[in-house]
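From a predicted model like this one, the values you see are computed outputs, not experimental measurements.
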Amino acid sequence: MAQRTVLFVLFDGVQSLDVTGPLEVFAGAEQHTPGSYRIRTASLDGAAVRTSSGLTVVPDEALARADTPHTLVVPGGQGTRRPDARLADWLSEHGPRAERLVSVCTGAIRLAEAGLLDGRRVTTHWAYCDKLARDHPAVEVDPDPIYVRDGHVSTSAGVTSGIDLALALVEEDLGRDVALTIARHLVVFLRRPGNQAQFSAQLAAQTAQREPLREVQQWITEHPDGDLSVESLAVRARLSPRHFARAFQTETGMTPGRYVDRVRLEHARRLLEDTSDGVEEISRASGYGTPEGMRRAFVRALGTAPSEYRRRFHPAQ
């Protein structure tokens, strides 16, 4: 087995967990399977960097002296808000030589500045997706998933999702058992799928200001198999259907129908991942009524059928 070099790029204002989270995953893999990874850290001049939280990190070397790595990891943090021409130049020259390009959080901004994300589907921290898309129109930004893999380029939403992506890469390199061992050691969930949303339905929508609308949001979450028509929910909110629909969208940022769709999809995904219930039972419990109704919703939202989703994301027994 060939040893893979993993190089982490450091700079002032980097988010420490964007570095240490994935680094601990690869380090754990190396400890479990000696000779699998050679882990290096480097800054432009080889000088120590100060993270956004004030932690000082001393790199192994200067980027100019670093060998071309197998996996090049660019973390995010407050430092990415300031363009760095020298770092962009280095990434433009050396990034294409790496077999895998990886960004954590707003590290995607660094890769985009270097022209390495053009034509790629990527993600980044939800708070910076609009900026990334606006500043780099040649990049296809998907704000929903916790990580996206497009060819040899992998981007993650940030902070803990960098751990999820690193586990996925280790699983690809060394197999599921090794990745599972590392996940257990780090006390994290191995199979949080890349297409899991950055937010749950409740967090994706704003919390309504008025108590009746908040109660309706809670009711939807607790009763995905109930009558969640606008008319029925309006009665619960003690409003006319028209007034309810308008007020719900104004206060939560999404229509009642969209909110219901997200709650039901999230509920079904959780049952597919965490239980052995049959598809027909799950479709009823999630408010779809029939397996075909649930299948259509999954294909529309996730591009895959419930059976395939379970095959990929239900932990092996």
Side-chain angles (χ1 to χ4, degrees), residues 5-23 26 39-141 143 147-148 150-159 161-162 165-166:
T5 299
V6 182
L7 177 65
F8 287 81
V9 176
L10 304 183
F11 49 86
D12 282 327
V14 70
Q15 162 66 254
S16 57
L17 190 55
D18 286 359
V19 178
T20 58
L23 192 151
F26 288 113
I39 303 165
R40 307 293 291 170
T41 58
S43 64
L44 271 172
D45 300 316
V49 301
R50 188 172 179 83
T51 71
S52 58
S53 60
L55 180 70
T56 297
V57 180
V58 180
D60 295 310
E61 57 195 334
L63 284 172
R65 297 180 180 178
D67 296 331
T68 299
H70 174 278
T71 301
L72 178 61
V73 182
V74 182
Q78 295 177 1
T80 61
R81 300 177 191 175
R82 301 182 296 274
D84 189 322
R86 288 201 302 156
L87 184 53
D89 289 343
W90 187 92
L91 289 172
S92 295
E93 179 181 355
H94 296 273
R97 302 176 188 172
E99 293 192 36
R100 284 196 303 223
L101 276 177
V102 177
S103 70
V104 184
C105 193
T106 52
I109 293 176
R110 290 288 194 220
L111 292 182
E113 289 170 349
L116 298 174
L117 298 185
D118 289 357
R120 298 282 182 182
R121 174 174 168 262
V122 308
T123 194
T124 187
H125 191 285
W126 61 268
Y128 293 91
C129 284
D130 287 346
K131 172 179 172 53
L132 180 59
R134 182 176 61 253
D135 293 348
H136 302 279
V139 179
E140 180 187 347
V141 181
Y147 64 81
V148 170
D150 185 343
H152 75 292
V153 176
S154 299
T155 54
S156 62
V159 196
S161 66
L165 176 53

What's the spacing between S16 OG and L10 CG if we round to 0.5 Å? 11.0 Å
Is there a side-chain contact between Y128 and C105 (heavy atoms, below 4.5 Å)? no
Taking every heavy atom of P59 against every heavy atom of G46, the minimum-distance pair comes out as CG-O, 3.5 Å
Angle class for the H94/W90 ring planes (parallel below 30°, perpendicular above 60°, tilted otherwise)? parallel
Drop me the distance from T51's OG1 to Q78's CD, to the nearest 0.5 angstrom. 9.0 Å
Is the backbone of A42 close enough, under 3.5 Å, to the side chain of D60 for a donor and an acceptor to pair up by distance? no
For the atom pair OG (S103) and CG (L91), what is the distance rounded to the nearest 0.5 Å? 11.0 Å
Do L44 and D84 have side chains that approach each other closer than 4.5 Å (heavy atoms only, starting at C-beta)? yes
Mind listing the side-chain donor-acceptor pairs of residues 108-118 below 3.5 Å, one per line with the distance, residues two or more places apart or on another chain?
unit_1, atom_1, unit_2, atom_2, d
R110, NH1, R82, O, 3.0
R110, NH2, G79, O, 2.7

Do you know which of V49, V57, V58 makes side-chain contact (heavy atoms from CB on, under 4.5 Å) with S43? V49
Would you say the side chain of L63 lies within less than 4.5 Å of the side chain of L7, judging by non-hydrogen atoms? yes
One thing to verify: whether D130 and R134 come together as a salt bridge, which I'm taking to mean a side-chain N less than 4.0 angstrom from a carboxylate O. no
In plain terms, say whether R120 and D150 are close enough for a salt bridge, that is, a side-chain N and a carboxylate O under 4.0 Å apart. yes
Evaluate the side chain to side chain contact (heavy atoms under 4.5 Å, CB included) criterion for residues E93 and D89: first the C-alpha distance (whole Å), next the side-chain angles of each, then the deciding distance (0.1 Å), finally the verdict. CA-CA 6 Å; E93 179 181 355; D89 289 343; over 6 Å; no
May I have the list of side-chain donor-acceptor pairs in residues 65-73 shorter than 3.5 Å, sequence neighbours left out?
unit_1, atom_1, unit_2, atom_2, d
T71, OG1, R100, NE, 3.1
T71, OG1, R100, NH2, 3.1

Exam field: side chain T56 to backbone R50, donor-acceptor pair closer than 3.5 Å: no
So do L23 and F8 actually touch side chain to side chain, heavy atoms under 4.5 Å? yes
Donor-acceptor check, side chain of T123 to backbone of T155, threshold 3.5 angstrom: yes or no? no
Note: P75 and D18 closest approach over all heavy atoms is CB-CB, 3.6 Å
Would you say V14 and V19 make side-chain contact, with heavy atoms under 4.5 Å? yes
Are the side chain of T106 and the backbone N or O of G77 linked by a donor-acceptor pair below 3.5 Å? yes
